[in-house]
Amino acid sequence: MSKAIKHISSTVVPLQLENVDTDQIIPARFLKATNRDGFGKNLFRDWRYENDSDDQPRKDFVLNNPTYKGSILVAGRNFGCGSSREHAAWALKDAGFDVVVSSFFADIFKNNSLNNFLLPVTVSPDFLAQIFSAVEADATSVIEVDLPAQTITIKATGVTESFEINSYKKTCLLNGYDDIDYLLSMKSEIETFENSVTR
Amino acid sequence: MAQTLFEKIWNRHVVKTIDGGPSVLYIDRHFIHEVTSPQAFTGLNKRGIKVFRPAQIVATADHNVPTLNQHLPIKEELSRLQVDALIKNCAEHGVELYGLGHPYQGIVHVIGPELGVTQPGMTIVCGDSHTSTHGAFGAIAFGIGTSEVEMVMATQCLLQSKPKLMRINIEGQLKPGVVSKDIVLHIIAQISASGATGFAVEYAGSAIRALSMEARMTICNMSIEMGARCGLIAPDETTFSYLKGKEFAPAGEAWDKALTDWKTLFSDKDAAFDEEIFIKAADIEPMITYGTNPGMGISVNGAVPALNEIPVSEQKGFEKSLAYMGLEAGEHIKGKKVDYVFIGSCTNSRIEDLRQVAAIVKGKQKAADVEVWIVPGSKQVEAQARAEGLDKIFETAGFQLRQPGCSACLGMNEDKIPAGKYCISTSNRNFEGRQGQGARTFLASPLTAAAAAITGVVTDVHDWIHSNEEVNA
Ligand code: SF4
């Protein structure tokens, strides 16, 4: 399966909270694995379940509400703050998300997401509010993300906004390239650099 | 051209800049621990490659480790497996490991500086957001994710975009009872938990210059809690005398050479910052947090804000936070009962922190219904505390002096705060569930935490010192 991301068109899961930290996205006690798989089932664990029990989903949490589904998570500002745990990006991806939309992302989370082909789309606060109201009015509202054009559109209203992404990362996402492949291809330049610096 | 401290270090480490993209940044030092490294080693093994520069990596076990009976096998199976994986991976890849039982073991951000591995002018990374701690030495130090850990292991480089630059100037003298933890909690309360996102923050001004290295580390440590990519402080005599003679610091001729270079590491007079903030040291009070992000801080004498003081878009989060904490809007914090006191974490578990606590609790006893854990940041801190007899003071006070590790800073090892209980903690995060599911955290300085240990309630350390004149903190 190609990791590449180009166009995503989906209904959304609205998480209307600010400062969602990575301890909430994936609590520390689930970081004990030594591989990258299976974190999705513990995504937002403590917001999702009462008493840490699979049998007691919290009805008021959006991920447990069958009305909302899709591969786009929309959240309030400063999403992904706190711990650098990449497990947060792995959990979101594993739970089926390809895009996270917010008006503001924490730095490390943003990098981790891009490294895992989870696209963080930063929109204006006004546009974010428009998405939330569109979804509130109609849970089947579709959002369209066009990475080549760098635009995000609320289908119901036709309102579009463009988003930023640096051209290097865009190329990586569109083609499924990893940073590490690029860096490995630079080995000899790195060695030359090491030799040029007296440390 | 005038350059900032950050730019001087950054420019020396750029191997190449990609058009319209990030730079390939060379990394001098890489710290690893058991939680965020296993998948990176697996990645290398899958590619059939070895760690590129093993001598530039230092490993330790800290997040998962128990803080009692460390000589026994780790009880919890998954934690044990993770620590074992680290031992195996380091052995296979030739990486130096200061694991459990080693006299240098400890929290990764405590051992790097105390061993002199952390030095001015370096680029330093670790798969842990509090890597910003090392910036106190005038280094560019930042947290990374596991994919990036793998990149550094494979190539000693990372792809990074240059952040914007902010300088926070703190001028003047601190009030008695106010310490560096209060400075940083004050800054975050002012600019919010995302106020420095996208920035590298340089801390400057006379109040910063007056701080010890350990106090500077506390401030840089919490840079990430204002969203900053990293925090840094220009090295000076305080830095140099701290480093001199440390295990891995340069010695002899190499020391002289390094020193000449380190003395060039400061922001030039006319260097430009994207943003600059000025704070009067005298305005800073002993701080405490009431909510579930580190930006929700107030003076210990203050009250939780009223709902109408909070911007509308944030009210939902604010109410959720207070419900979690069991607090009311407008309520005063002073006098609130605490159940646990945690003195530890990479923010405040160094010897000076322990000395400060010992100085004000000496000869006193903890409140009857409070549990107090003192968790030194490293084996070396623990040994030093014992050598100075601090262990006796803690014992008399009824405090538990435990063994080094991250402990109750994060609910990952055996040390957890029970649901619903209040813990005054010297750590850096008060997120929901951070110290254990349902645990309620008040972040504060070691002094404020120590005072609460004795009184059993949130206390203004300033009043308290006055009513205990024999104590001179
Ligand atoms: S003490 Fe806490 S913040 Fe520091 S490295 Fe350990 S878990 Fe992270």
Side-chain angles (χ1 to χ4, degrees), chain A residues 16-24 27-29 31-36 45-47 51-52 76-78 81-90 104-109 111-113 115-116 125 129 166-171 178-180 182-184 186-187 189-190 192-194 197 199, chain B residues 12 15-16 18-22 24 26 28 35-36 38-39 42-43 49 52 63-64 78-79 81-82 85 127-129 142-148 150-151 154-159 161 163 193-194 197-198 224-225 227 229 293 295 313-314 316-317 320 410-412 429 431-434 437:
Chain A
Q16 211 166 347
L17 277 178
E18 324 237 314
N19 299 311
V20 173
D21 61 77
T22 54
D23 273 75
Q24 307 316 315
R29 62 186 188 282
L31 308 185
K32 297 181 192 242
T34 49
N35 57 35
R36 291 173 178 244
R45 179 80 195 184
D46 293 338
W47 285 353
N51 304 319
D52 206 8
R77 73 187 300 281
N78 201 23
C81 57
S83 158
S84 63
R85 59 189 69 166
E86 192 164 316
H87 314 65
W90 299 338
F104 197 89
F105 288 97
D107 271 343
I108 306 180
F109 175 79
N111 277 345
N112 288 341
S113 298
N115 284 331
N116 288 281
N166 79 50
S167 60
Y168 165 82
K169 263 298 163 196
K170 182 173 168 182
T171 311
D178 285 327
D179 279 5
I180 188 158
Y182 176 82
L183 288 169
L184 283 167
M186 284 204 45
K187 266 282 182 56
E189 281 172 77
I190 294 170
T192 311
F193 175 85
E194 285 180 322
V197 188
R199 251 164 243 286
Chain B
R12 291 176 176 196
V15 178
K16 171 182 169 175
I18 301 170
D19 269 348
V24 176
Y26 190 80
D28 295 317
V35 179
T36 55
Q39 293 88 350
T42 307
I49 55 178
F52 180 51
H63 285 63
N64 260 331
L78 290 175
S79 298
L81 289 178
Q82 227 174 31
D128 188 286
S129 56
F142 55 93
I144 56 177
T146 297
S147 295
E148 293 170 310
E150 185 180 338
M151 292 173 210
T155 67
Q156 208 56 39
C157 286
L158 273 180
L159 287 161
S161 300
S194 59
T197 303
I224 182 70
E225 307 311 337
R229 195 82 185 93
N293 77 58
S313 71
E314 288 172 27
K316 204 170 152 193
K320 184 175 190 307
L410 91 171
M412 177 152 201
R429 289 193 171 136
F431 298 152
E432 283 185 33
R434 173 76 180 181
Q437 279 171 271

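As the structure is a prediction and not an experimental result, all values here were calculated from the model. Chain A is the first sequence line, chain B the second, and so forth, proteins listed ahead of strands; every chain is numbered from 1.
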- Is chain A contacted by the side chain of B:S161, its backbone, both, or neither, given a heavy-atom distance below 4.5 Å? side chain
- Contact class of A:N35 relative to chain B, heavy atoms under 4.5 angstrom: backbone
- Note on the structure: If you tally heavy-atom pairs under 4.5 Å between each of A:D46, A:N166, A:T34, A:L184 and chain B, the highest tally belongs to A:T34
- Ignoring hydrogens and angles, state whether a donor on the side chain of A:R77 or B:T197 is under 3.5 Å from an acceptor on the partner side chain. no
- Item | Donor-acceptor pair between A:N115 and A:K169 side chains, under 3.5 angstrom | yes
- Do you know which of B:T36, B:T42, B:N64, B:I49 has the most heavy-atom pairs with chain A at a distance under 4.5 angstrom? B:N64
- Message: Is A:N112 close to chain B through its backbone or its side chain, or both, or neither, when contacts mean heavy atoms under 4.5 Å?
- Response: side chain
- For chain B, the option from A:S167, A:C81, A:A89, A:G82 that forms the most heavy-atom pairs under 4.5 Å: A:G82
- Task: Under the side chain to side chain donor-acceptor pair (under 3.5 Å) rule, collect the residues that match up with A:N78, sequence neighbours excluded.
- Result: A:N19
- Query: Non-hydrogen atoms of chain B under 4.5 Å away: do they reach the side chain of A:D52, the backbone, both or neither?
  - Reply: both
- Test item: A:L183 and B:Q156 side chains (from C-beta on) under 4.5 Å apart, heavy atoms: no
- Query: Given the options B:G433, B:G145, B:G21, which has more heavy-atom pairs under 4.5 Å with chain A than any of the others?
  - Reply: B:G145
- Message: Salt bridge check, A:R85 against A:D23: does any charged N sit closer than 4.0 Å to a carboxylate O?
- Response: yes
- Distance-only polar pair, side chains of A:E86 and B:S147, donor-acceptor under 3.5 Å: yes
- Task: Mark yes or no for whether B:K16, through its side chain, and A:M186, through its backbone, hold a donor-acceptor pair below 3.5 Å.
- Result: no
- What residue, out of B:E148, B:H63, B:Q437, has the most heavy-atom pairs lying under 4.5 Å from chain A? B:Q437
- One option among B:R429, B:K316, B:E225, B:E314 has the most heavy-atom pairs under 4.5 Å with chain A, and it is B:R429
- Answer with side chain, backbone, both or neither: which region of B:V24 has an atom nearer than 4.5 Å to a non-hydrogen atom of chain A? side chain
- Contact origin within B:A154 toward chain A - heavy atom pairs under 4.5 Å: both
- Query: Is it the side chain or the backbone of A:L31 that comes within 4.5 Å of chain B heavy atoms, both, or neither?
  - Reply: both
- Query: Is chain B contacted by the side chain of A:E18, its backbone, both, or neither, given a heavy-atom distance below 4.5 Å?
  - Reply: side chain
- Query: Who wins among A:A106, A:G76, A:S83 for the most heavy-atom pairs under 4.5 Å with chain B?
  - Reply: A:S83
- Item | Under-4.0 Å salt bridge between A:D21 and B:R434 | no
- Task: Pick one of side chain, backbone, both or neither for B:F52, based on which atoms fall under 4.5 Å of a heavy atom in chain A.
- Result: side chain
- Do NZ/NE/NH1/NH2 and the carboxylate oxygens of B:E150 and A:R36 come within less than 4.0 Å? yes
- Counting only heavy atoms closer than 4.5 Å, note whether A:F109 contacts chain B via side chain, backbone, both or neither. neither
- With sequence neighbours excluded, tell me which residues meet ring-ring contact (aromatic ring centres under 6.0 Å, His included) with A:H87. A:F39, A:W90
- Item | Nearest heavy atoms of B:V15 and B:C157, plus distance in Å | CG2-SG, 4.1 Å
